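The shown structure was predicted, so the numbers you read here are calculated from the model rather than taken from an experiment.
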Amino acid sequence: MSATQAGFVRSTLLFLLIGTAILIGIIVATLGLVERTRSTFDYILQERNIRRMAADLMQKLTDAETGQRGFVITGEEQFLQPYESAVLEIRENVDALAEAVKDRPIKAERMDTLREKIRGKLTEMGQAINLVRSGEQDEAIELVRGDVGRELMDEIRQMLDEFKDLSDANVETGTQEQIAATQQLQWITLGGGIAIVAVMGGALLVVAQHVRALAASRQEVEVLNQGLEARVAERTEDLMRANQEIQRFAYIVTHDLRAPLVNIMGFTAELDASLKSLQAYVLNDGKTVSEDQIHEARLAAAEDLPEAIGFIRSSTKKMDGLINAILKISRDGRRQLKPEIVELQPMLETITNSVYHQISESDGSIKLEIKAPRLNTDRLSVEQILGNLFDNAIKYKHPDRPLALAVRTAPEGRHMVRIEVEDNGRGIAEHDHERIFELFRRSGQQDQSGEGIGLAHVRSLARNLGGEITVQSRLGEGSTFVLRLPSDLSRLVRS
């Protein structure tokens with residue numbers, strides 16, 4: 001193996017080890033954040049369970065008190081059914097709550113007091129019931145009217161409210177920790193990406209040097225004695241193997257390198273060239289500086305360096321935007337849906353009013369045709385979907401005619417609702433009908449700002465609601481986006 005090949009192998013192995021170390025670091029940090037997130041999530045679930053048990057316990061006490069008072073007033077045994085059912089469950093709930101808060105010092109310290117108060121309240125209610133059964137209804141009513149039972153109930157309610165308030169505060173703290181972990185993961189990903197860019201830059205430099213060395217070797221072979229056929233064949237074979245290695249390595253690098261990273265790498269080289277001009281001017285050690293060097297240094301400081309830094313910053317911002325877009329899509333599936341009855345007419349009128357001034361400026365119009373008046377679905381998701389479709393219709397309207405926007409809703413089958421958003425805008429070529437829903441994909445003339453994530457987000461929201469969105473369009477004539485959603489999302493959530 002020649003010295004050049006040995007140096008290339010050593011340099012390649014070095015960069016491979018550095019890249020591997022960076023990847024291991026990212027993986028370890030990510031796993032640590034995942035474990036931290038899991039622990040925090042479990043903690044939040046426990047606190048929510050404690051809050052629920054506290055609320056259930058208060059409800060059972062209220063039910064028991066209601067049944068007891070109904071029996072005291074009427075003397076009829078049927079009023080004791082909720083009381084007797086609640087009393088049995090109250091003791092079980094108290095034990096379950098004590099078990100749940102045993103790892104929560106503040107709450108655990110108050111459990112004995114809470115248990116004693118509940119025991120006293122149950123005793124007070126039992127005494128009143130026994131008095132009625134003994135024929136002493138007036139004494140039972142007097143006991144109920146007294147302050148003992150009311151004060152016990154107020155103290156129990158206050159303590160359970162404190163439990164719920166503490167749980168709410170702990171849930172809020174856990175949520176903030178989850179957000180912080182997500183932000184840390186974002187910074188780790190960004191930092192790891194920048195580090196990998198640096199490694200790739202060094203690797204490409206080694207490849208370039210190796211290519212130049214190979215070119216020099218090829219020229220040397222061509223100068224050699226043509227009669228040494230065996231030696232030429234051997235050298236040619238070596239060069240072919242080296243070229244194949246370079247091609248495989250270059251393919252891996254260029255295939256995995258994203259466009260923003262390439263921009264950063266390219267303008268890093270621009271910074272290096274500009275820095276040399278500045279160094280020649282600033283670090284001249286008393287030597288005479290030529291006019292050309294002064295001109296190049298000023299040009300580098302005034303134009304080249306700001307331009308390169310600006311492009312690097314914009315590329316980094318673009319990469320951050322792409323990462324945030326991916327996170328945004330992933331969050332769609334994790335957000336808890338909240339099904340509720342949504343009246344489509346008022347919702348569409350609200351969205352229409354928010355964009356009416358943009359449409360009316362160009363003499364445009366909006367038409368609503370509501371045949372399916374309501375949905376049981378997640379309001380926020382539907383508002384985001386329709387808002388995005390309205391914005392796209394305005395953004396991509398045809399330049400030669402006013403925008404005509406029509407929205408139609410109608411039932412489709414027994415369990416679906418169809419919402420159509422039709423415009424007379426630029427339209428979409430047939431081969432792009434599916435492509436526009438892919439992440440970071442756009443179609444047609446690129447004269448509007450955007451990253452190609454809007455319709456991908458819309459499709460993600462629609463599928464998260466158990467539905468689907470498609471497009472029917474002809475280039476130059478307009479588009480119709482068809483949104484199909486379940487009429488009752490709560491059934492899907494329960495299942």
Side-chain angles (χ1 to χ4, degrees), residues 1-38 181-218 220 234-276 279 308-309 311-324 326-327 330:
M1 181 183 293
S2 66
T4 301
Q5 289 176 322
F8 174 71
V9 171
R10 286 195 298 270
S11 300
T12 303
L13 289 175
L14 177 61
F15 281 113
L16 181 61
L17 289 174
I18 294 174
T20 302
I22 293 173
L23 288 176
I24 291 175
I26 294 175
I27 291 172
V28 171
T30 302
L31 290 177
L33 287 174
V34 169
E35 178 60 25
R36 172 181 165 189
T37 300
R38 186 194 63 77
T182 302
Q183 293 174 342
Q184 290 177 14
L185 180 59
Q186 177 181 342
W187 283 111
I188 288 173
T189 303
L190 181 60
I194 293 174
I196 291 176
V197 168
V199 173
M200 292 299 101
L204 288 176
L205 180 61
V206 171
V207 171
Q209 292 174 345
H210 190 58
V211 169
R212 287 195 295 269
L214 289 176
S217 299
R218 182 177 297 174
E220 182 182 349
E234 181 182 357
R235 180 61 60 89
T236 302
E237 185 178 358
D238 291 339
L239 290 175
M240 290 176 63
R241 284 197 298 265
N243 281 331
Q244 290 173 356
E245 292 176 1
I246 293 171
Q247 290 172 2
R248 287 195 296 269
F249 184 79
Y251 174 79
I252 293 172
V253 172
T254 55
H255 183 269
D256 292 340
L257 208 57
R258 294 183 180 180
L261 303 185
V262 173
N263 286 339
I264 293 173
M265 181 182 63
F267 282 99
T268 300
E270 182 74 17
L271 286 175
D272 184 60
S274 301
L275 182 61
K276 290 179 180 178
Q279 287 176 335
I309 292 173
F311 273 102
I312 291 174
R313 182 180 292 112
S314 65
S315 296
T316 305
K317 183 178 180 181
K318 179 178 178 63
M319 180 165 42
D320 182 61
L322 299 182
I323 293 172
N324 286 334
I326 294 172
L327 290 175
S330 68

Inter-residue atom distance Ile24.CD1 - Leu17.CG, 0.5 Å rounding: 9.5 Å
side-chain contact (heavy atoms from CB on, under 4.5 Å) against Ile188, all qualifying residues, sequence neighbours excluded: Ile26, Ala29, Leu33
Pairing residues for Ile27 by the side-chain contact (heavy atoms from CB on, under 4.5 Å) criterion, not counting sequence neighbours: Leu31
